[in-house]
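Here is the structure we will look at.
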Number of protein chains: 2
Amino acid sequence: MRLTTKGRYAVTAMLDLALHEGKGPISLADISERQGISLSYLEQLFAKLRRNDLVHSVRGPGGGYQLKRERGQINVAEVIDAVNESVDATGCQKSGSCQSGEICLTHHLWCDLSEQIHGFLSSISLADLVHRNEVQEVAERQEQRGRVHPEHLIVSSVASAS
Amino acid sequence: MRLTTKGRYAVTAMLDLALHEGKGPISLADISERQGISLSYLEQLFAKLRRNDLVHSVRGPGGGYQLKRERGQINVAEVIDAVNESVDATGCQKSGSCQSGEICLTHHLWCDLSEQIHGFLSSISLADLVHRNEVQEVAERQEQRGRVHPEHLIVSSVASAS
DNA sequence: TTTTTATCCCAGTAAAATGGCCGGATTAAT
DNA sequence: ATTAATCCGGCCATTTTACTGGGATAAAAA
């Protein structure tokens, strides 16, 4: 089992989509800027999210991504599963052939742990996260930064002037 | 957060020690054979386990390792922590500086998850595992294999004859 | 006292995963 | 036609994983 930046990025990006639901498609460039995730890495993640029917894409100008289901119907576990190949803690994918074909000493422990983690993460939907106070606060901070400091525009005009 | 073979091996090896408690020091060679883990890899893991005061070593012939505390006083979480640098699911070690010094959108989610996992794993002691039926069954199988098939002895005598 | 059995310790390493860059193709709105 | 976006493939540096090997040290047994 691994829960690294990959899964964390995926959930963060999906939550960003959930926060901006109803505003039409959201581009990866927007998510990249707000969440500080590289654009090309986002592309890879969203390829997997799309294959797993979690998002739906619109190409061309004004395009981007939208949640395929409403945000109450998407839970954190399936987002991580989509990019990570599952939150399984066993080494044998629960097959029980951990030690040269037979079951290892700690097999059941890892099965229990997997169930525990999956139970926890699948009980939390994107809608649940959206309604959290801390998430709302961080989201507002990110919105303001986007409006008040369009630095990249200034920088690019300066750059073209020099 | 990562739970890979490393942490699984460490817990399996510690459980092996717990199962053979009271029989004097257990050598890593024995554990290696019973649990199918490479000897030199076990050495590395036990160096960390020793540094974290989980085992105590006896050098020389007849030597090996023993649990430093009784098996009811050692839980799974600290074993994994000892070899793995913690079961923390956040990317910022809970410091809250996930996104260029500030808190990221999903910070609290990963904190909650970490707490969930740690709570679960720290509630399970080696003694709890020893008393499980499935563990007892696997342990018996491993004992029998050791007694009935000393293949390595036969093979080495054949090898020296050829 | 020599040999053997074990822990110690350090260095290296192949393979995989991570996190990302780049170039170009395709689609569609302006 | 241009532009803005998704798509798609390959490439790449770095880190981690899981393991090998060599040798030093300690202590029991010969």
Side-chain angles (χ1 to χ4, degrees), chain A residues 1-13 17 20 23-33 35-52 54-66 68 80 83-86 88 91 98-99 104 152-153 156, chain B residues 1-13 17 23-33 35-52 54-66 68 80 83-86 88 91 98-99 104 152 156:
Chain A
M1 213 216 90
R2 45 204 121 96
L3 181 51
T4 61
T5 328
K6 192 188 233 172
R8 265 178 259 135
Y9 278 176
V11 176
T12 301
L17 279 193
H20 297 88
K23 300 181 186 170
I26 306 294
S27 74
L28 293 188
D30 286 356
I31 300 180
S32 168
E33 204 186 339
Q35 308 306 333
I37 308 172
S38 99
L39 176 59
S40 33
Y41 199 43
L42 278 175
E43 286 183 358
Q44 287 176 46
L45 297 180
F46 273 79
K48 294 187 179 184
L49 294 173
R50 199 172 57 92
R51 267 180 244 130
N52 284 72
L54 291 171
V55 296
H56 138 258
S57 68
V58 179
R59 300 179 71 159
Y65 289 90
Q66 285 172 312
K68 193 143 184 180
I80 296 177
V83 298
N84 243 15
E85 315 274 44
S86 98
D88 187 13
C98 346
Q99 190 183 351
C104 77
H152 56 295
L153 292 177
S156 66
Chain B
M1 208 218 94
R2 45 206 121 96
L3 181 50
T4 60
T5 327
K6 192 189 235 172
R8 266 178 260 135
Y9 278 176
V11 175
T12 302
L17 279 192
K23 299 181 186 171
I26 305 294
S27 75
L28 293 188
D30 286 355
I31 300 179
S32 169
E33 203 186 341
Q35 308 305 334
I37 308 172
S38 105
L39 175 60
S40 29
Y41 199 43
L42 277 175
E43 286 183 359
Q44 289 177 45
L45 297 181
F46 273 79
K48 295 188 179 186
L49 294 173
R50 199 172 58 92
R51 267 180 246 131
N52 284 72
L54 291 171
V55 296
H56 137 258
S57 69
V58 179
R59 299 179 71 159
Y65 289 91
Q66 285 173 312
K68 194 144 185 179
I80 295 177
V83 299
N84 246 15
E85 314 274 44
S86 97
D88 187 14
C98 346
Q99 192 182 348
C104 77
H152 55 295
S156 65

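Basis for what follows: all heavy atoms, side chains included, without hydrogens, waters or symmetry-related copies. Residue numbering restarts at 1 for every chain, and letters A, B, ... go by the order of the sequence lines.
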Expressed in angstrom and rounded to an integer, what is the separation of B:Arg51 atom CZ from C:dT7 atom P? 16 Å
For atom OH of B:Tyr65 and atom P of C:dT5, their distance in whole Å: 18 Å
Using only atom types and a distance under 3.5 Å, with no angle test, would you say the side chain of B:Ser57 pairs donor to acceptor with the backbone of B:Tyr65? no
Please tell me which of A:Val58 and B:Val58 maps to the more 5' nucleotide of DNA chain C, matching each residue to the nucleotide holding its nearest heavy atom. B:Val58
Taking the side chain as every heavy atom from C-beta outward, state whether A:Lys68 and A:Leu54 have any pair of such atoms under 4.5 Å apart. no
Distance, rounded to the nearest Å, where A:Leu45 contributes CG and C:dG20 contributes P: 9 Å
Starting from the 5' end of DNA chain D, give me the residue, A:Ser40 or A:Gly63, whose nearest nucleotide shows up first. A:Gly63
Distance in angstrom units between B:Arg59 CZ and C:dC8 P, rounded: 6 Å
Round to a whole Å and report the spacing from CG of B:Leu28 to C1' of D:dA26. 15 Å
Start at the 5' end of DNA chain D and walk down; is the nucleotide closest to A:Ser27 or to B:Thr5 reached first? A:Ser27
B:Thr12 side chain to B:Arg8 backbone, donor-acceptor under 3.5 Å: yes
Does B:Arg50 put a side-chain nitrogen or oxygen below 4.0 Å from OP1 or OP2 of C:dC9? yes
Once you round it to whole Å, what is the distance between P of C:dC9 and CG of B:Leu49? 14 Å
Choose from C:dG20, D:dA27, C:dC9 the nucleotide whose nearest atom is closest to any side-chain atom of B:Pro61. D:dA27
When rounded to the nearest 0.5 Å, the distance separating CG of B:Leu49 from NE2 of B:His56 is 14.5 Å
Under 4.0 Å, heavy atoms only, any strand: does A:Tyr9 hit a base, just the sugar-phosphate, or nothing? sugar-phosphate
For the pair made of CG in A:Leu42 and P in D:dA4, what is the distance, rounded to whole Å? 19 Å
With respect to the phosphate group of D:dC12, does any side-chain polar atom (N or O) of A:Tyr41 fall under 4.0 Å of OP1 or OP2? no
Enter the distance from B:Gln44:CD to B:Leu39:CG here, rounded to the nearest 0.5 Å. 10.5 Å
Can you tell me if the side-chain N/O atoms of A:Thr4 get under 4.0 Å from OP1 or OP2 in C:dA17? no
Ignoring hydrogens and angles, are the base of C:dG19 and the side chain of A:Gln44 linked by a donor-acceptor pair under 3.5 Å? no
Using a cut-off of 4.0 Å on non-hydrogen atoms, how would the nucleic acid contact of A:Leu39 be classed: base, sugar-phosphate, or nothing? nothing
Whole Å only: how far is the NZ atom of B:Lys6 from the P atom of D:dT17? 4 Å
